[in-house]
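Structure first, commentary second.
By convention in this document, chain letters (A, B, ...) are assigned in the order of the sequence lines, proteins followed by strands, and residues within each chain are numbered from 1. This structure is a prediction, so every number in the text was calculated from the model and none was measured.
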There are 2 protein chains.
Amino acid sequence: MKDFAGTPGTITGLFLRIAQFMFAAGAIASMASTSSFFNFTAFCYLIASMGLQVIWSLSLALMDAYALAKKIVIHNHILVSLFVIGDWVTTTLSLAAASASAGITVLYFHDIGGCTVVAECFKYQIAVAFAFLSWLTVFISSLIMFWLLAAS
Amino acid sequence: MKDFAGTPGTITGLFLRIAQFMFAAGAIASMASTSSFFNFTAFCYLIASMGLQVIWSLSLALMDAYALAKKIVIHNHILVSLFVIGDWVTTTLSLAAASASAGITVLYFHDIGGCTVVAECFKYQIAVAFAFLSWLTVFISSLIMFWLLAAS
């Protein structure tokens, strides 16, 4: 298998995983610190989806760090297939969660104009922004993984 | 370039494009027939996104039909790169639009429980279902195109 930027066991790959983890954790922290997120199914779904993202990205970041430290190559076909499936599932769930939450945020704070508690609204918007950033980084990872699998 | 099910200029490729077109057109028809969709940014975005999907899928369906009728192969590198970009853009926009609309549909008809006009609610739900089906078929197409490009 080819070895290019972003593949498992490279510095850029590790950097992408850490970025995904940080953004997803940021989205959870921002959303969970509001007092009324549990009234909205989409906001609960955002927390669940970002929770899955945190676990997945942290596991792969640790694996990348281990591979870098021990200088081993982790590009076997079965492992990359597993990464592709995991990355595509988390990409799809992240985008769906971010979009659903963005839809409700726009509905409340633009269509209805019902943003009475400014601090809460700001937290919802920050959570949605973090979720989109997390999706963007995991989307880049999933494209790299799929390319790696197809080109092998 | 390899020639497998779903690639441009094959019967399955044409079938996928027609399915995308039909589902996207169904979503637009169902959403546009409601009387209040223009009050919701996400529902307007769904119509715009599905409109783009209709244009893109119809163009590619016509190209596939032409290639099949004339028995020509349309697998050159530049054309497939163009299909990959177009498919990924429409996939992302479709999923985002479907999820945002689903978020609002769930908010109104489950979280708040404010479904007063049953016929309208049903149309929103049908539009969201069609949008997800359209996303699913264009997602399959985009994976096939990306694989075709990476494997060439």
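- Contact detail for B:Leu143 and A:Phe146: the closest heavy-atom pair is O-CE2, 3.6 Å.
- In this structure, the portions of B:Thr92 lying under 4.5 Å from any heavy atom of chain A include both its backbone and its side chain.
- When each of A:Asn39, A:Thr91, A:Thr41 is checked for heavy-atom pairs under 4.5 Å with chain B, A:Thr41 comes out on top.
- Between the side chains of B:Ser94 and B:Gln53, at least one donor N or O lies within less than 3.5 Å of an accepting N or O.
- Within the 4.5 angstrom heavy-atom criterion, no atom of B:Tyr45 approaches chain A.
- Between the side chain of A:Ser49 and the backbone N or O of A:Leu46, no donor-acceptor pair lies under 3.5 Å.
- For a residue to count as touching a neighbouring chain, one of its non-hydrogen atoms must lie under 4.5 Å from one of that chain's; by this rule B:Ala96 touches chain A with backbone and side chain alike.
- Taking the six-membered ring where tryptophan is involved, the planes of B:Phe139 and B:Trp135 are essentially parallel, since the angle between them stays under 30° and well short of 60°.
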